[in-house]
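Notes follow once the structure below has been shown.
These numbers come from the heavy atoms of this one structure, side chains and all, not from hydrogens, waters or symmetry mates. Ligands are counted one by one from 1 in listed order, and the atoms in each one are counted from 1 as well.
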Amino acid sequence: MGEINTLILAAGKGTRMKSHLHKVLQPVCGKAMVDHVLTEVEKLNNSHIVTIIGSDGEDIKECLGDRTEYVVQKEQLGTGHAVLQAEAQLGNSQGNTLVMSGDTPLFTSTTLQKLIHFHCEHNDKITILTSIADDPTGYGRIVRNNDDVIKIVEQKDASDDELKIKEINTGVYVFDNQFLFDALHKINNDNAQHEYYLTDVIKICKDAKEKVSAYIMDDFNESLGVNDRIALARATKIMQRRINLKHMNNGVSIVDPEHTFIDIDVKIGTDTVIESNVHLRGETIIGNNCVIRSGSDISNSVLHDNVTVISSNIEDSEMEDNSDIGPMSHLRPNAHIGKFVHIGNFVEVKKATIGDYTKVGHLTYIGNAKLGSNINVGCGVVFVNYDGKDKHESIVGDHSFLGSNSNIVAPVNISDHSFIAAGSTITDNVNYHDLAIARARQVNKENYWDRLPHKPEDL
Ligand code: UD1
Ligand code: CA
């Protein structure tokens with residue numbers, strides 16, 4: 001097939017998006033659009049992958065790292081001008097070059113492979129990837145004369161008749177590399193947008209009596225170009241369906257796929273059930289047989305097998321086998337929840353480990369702490385971890401009992417098998433088998449009723 005190079009165009013301003021973020025960095029299901037493009041391109045057998053960025057493209061470099069080479073296009077003078085900037089890198093290559101845009105996040109490597117294969121079989125100078133759009137507004141139109149492609153005309157330059165054409169330019173092409181760079185020196189910016197259009201290379205090819213092919217792909221949705229927020233929402237919906245289908249085919253039950261939002265890199269085991277209105281984000285991994293009940297939002301976390309999450313929020317944390325949480329609880333970064341741990345409602349855990357079989361049933365804050373196994377944490381326990389300046393850590397040993405409404409003022413060490421009386425404010429260490437009571441003793445004033453200014457029964 002000869003050498004294949006890939007060029008990704010990502011220098012455009014993206015003004016139609018009306019955003020401070022580079023257009024190609026807008027996320028679709030948790031991944032920047034240009035990263036989606038690169039991820040599919042990486043599955044091809046490339047000699048070079050070059051990404052064209054603007055002078056302000058540092059954040060694109062940060063996103064893609066060293067998976068691609070970069071070329072800076074100082075001024076955004078059009079897609080043709082953008083490709084020409086890579087002449088120093090690619091100009092000498094005798095093979096073919098695949099050109100794509102960073103704003104078409106839905107292309108699959110399968111389609112790209114078919115296109116390259118088609119191009120190499122026909123041995124033409126250019127193969128354009130086209131598709132048929134119900135509404136072609138905004139796309140370049142493929143103008144044919146008896147079946148032969150003769151040019152691409154942009155929306156803004158098209159005649160009324162050309163505007164009716166439904167076959168569109170997807171912005172993906174394979175070029176004979178030598179032909180491409182020769183032709184790019186011949187294009188001008190004599191058009192409605194005063195830009196150097198890459199698409200004008202087609203006319204040059206025809207004028208040189210060379211043949212241009214078009215490969216019509218089956219599914220227009222895959223070719224969606226994202227220029228504004230409306231298309232961004234559409235692309236997200238299509239990607240969301242694709243992701244959900246993949247998981248269902250792998251044995252995950254998704255109760256309401258239209259309202260289940262799973263980022264592209266999330267992994268889920270078999271027989272796990274995901275209810276409606278759940279968000280699974282980032283690098284989250286969920287094991288087998290888990291139940292994620294509606295309204296839960298889980299990001300960058302690992303849930304092992306048989307874990308149940310009820311309407312809760314989990315960030316950068318881990319839950320081991322058979323643990324459960326919720327409703328309405330929150331694991332903030334670095335919470336590590338052991339096996340068979342029960343976390344009930346209105347509990348917040350941050351930077352803390354909780355050992356196997358420990359129970360934290362209700363209304364509790366645990367921050368900067370190490371809790372052992374088989375502990376009972378009563379209702380309303382607060383780990384007081386902050387002195388106004390620094391955070392401090394507390395430790396609680398196995399089989400301890402923290403009575404309801406107690407405050408554990410860090411740093412403090414509560415040994416195994418110890419007992420904290422309800423309502424205590426613990427500031428000192430507690431030893432093995434001790435009972436700690438740290439509250440004022442109750443005083444009963446006899447016959448005080450008559451001295452009360454108001455009787456409760458009068459109120
Ligand atoms: C382009 C095509 C159009 C096609 C559509 C498919 C041209 C002239 N038009 O239109 O035929 O139907 O894509 O989605 O090519 N870019 C640069 N430097 C520039 C200008 C653009 O790197 O100077 C990059 C952009 O970042 C973007 C890509 O090129 O990723 C395409 O540019 P865009 O302005 O989005 O072109 P469209 O109007 O969508
Ligand atoms: Ca575009």
Donor-acceptor list for residues 320-327 side chains, cut-off 3.5 Å, not counting sequence neighbours:
from: Glu320; atom 1: OE1; to: Lys339; atom 2: NZ; distance (Å): 2.9
from: Glu320; atom 1: OE2; to: His336; atom 2: NE2; distance (Å): 2.7
from: Asp321; atom 1: OD1; to: Asp305; atom 2: N; distance (Å): 3.0
from: Asn322; atom 1: OD1; to: Asn306; atom 2: ND2; distance (Å): 3.4
from: Ser323; atom 1: OG; to: Glu320; atom 2: O; distance (Å): 2.7
from: Asp324; atom 1: OD1; to: His342; atom 2: ND1; distance (Å): 3.3
from: Asp324; atom 1: OD2; to: His342; atom 2: ND1; distance (Å): 2.9

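- Ion pairing of Lys18 with Asp228 is absent here, as no side-chain N (NZ or NE/NH1/NH2) approaches a carboxylate O to less than 4.0 Å.
- In Asp103, the N, O or S atom that comes nearest to the Ca ion (ligand 2) is OD2.
- Protein residues are said to neighbour a ligand when one of their heavy atoms lies under 4.0 Å from it; for ligand 1 these are Leu9, Ala10, Ala11, Gly12, Arg16, Lys23, Gln73, Gln76, Leu77, Gly78, Thr79, Ala82, Ser101, Gly102, Asp103, Tyr139, Gly140, Glu154, Asn169, Thr170, Gly171, Tyr197, Thr199, Asn227.
- A ring-centre distance under 6.0 Å is found for Phe118 and His122.
- Within 6.0 Å of CG on Asp190 lie no more than 12 heavy atoms contributed by other residues, nucleotides or ligands.
- We find that Lys267 and Glu283 are not joined by a salt bridge, their nearest charged nitrogen and carboxylate oxygen being 4.0 Å or further apart.
- For the Ca ion (ligand 2), the N/O/S atoms of Ser101 include none lying under 3.0 Å.
- Comment: Glu154 does not engage Arg141 in a salt bridge, judged by the lack of any side-chain N to carboxylate O separation of less than 4.0 angstrom.
- With a 6.0 Å radius and a threshold of 12 heavy atoms from other residues, nucleotides or ligands, Met248 has its CE atom above the threshold.
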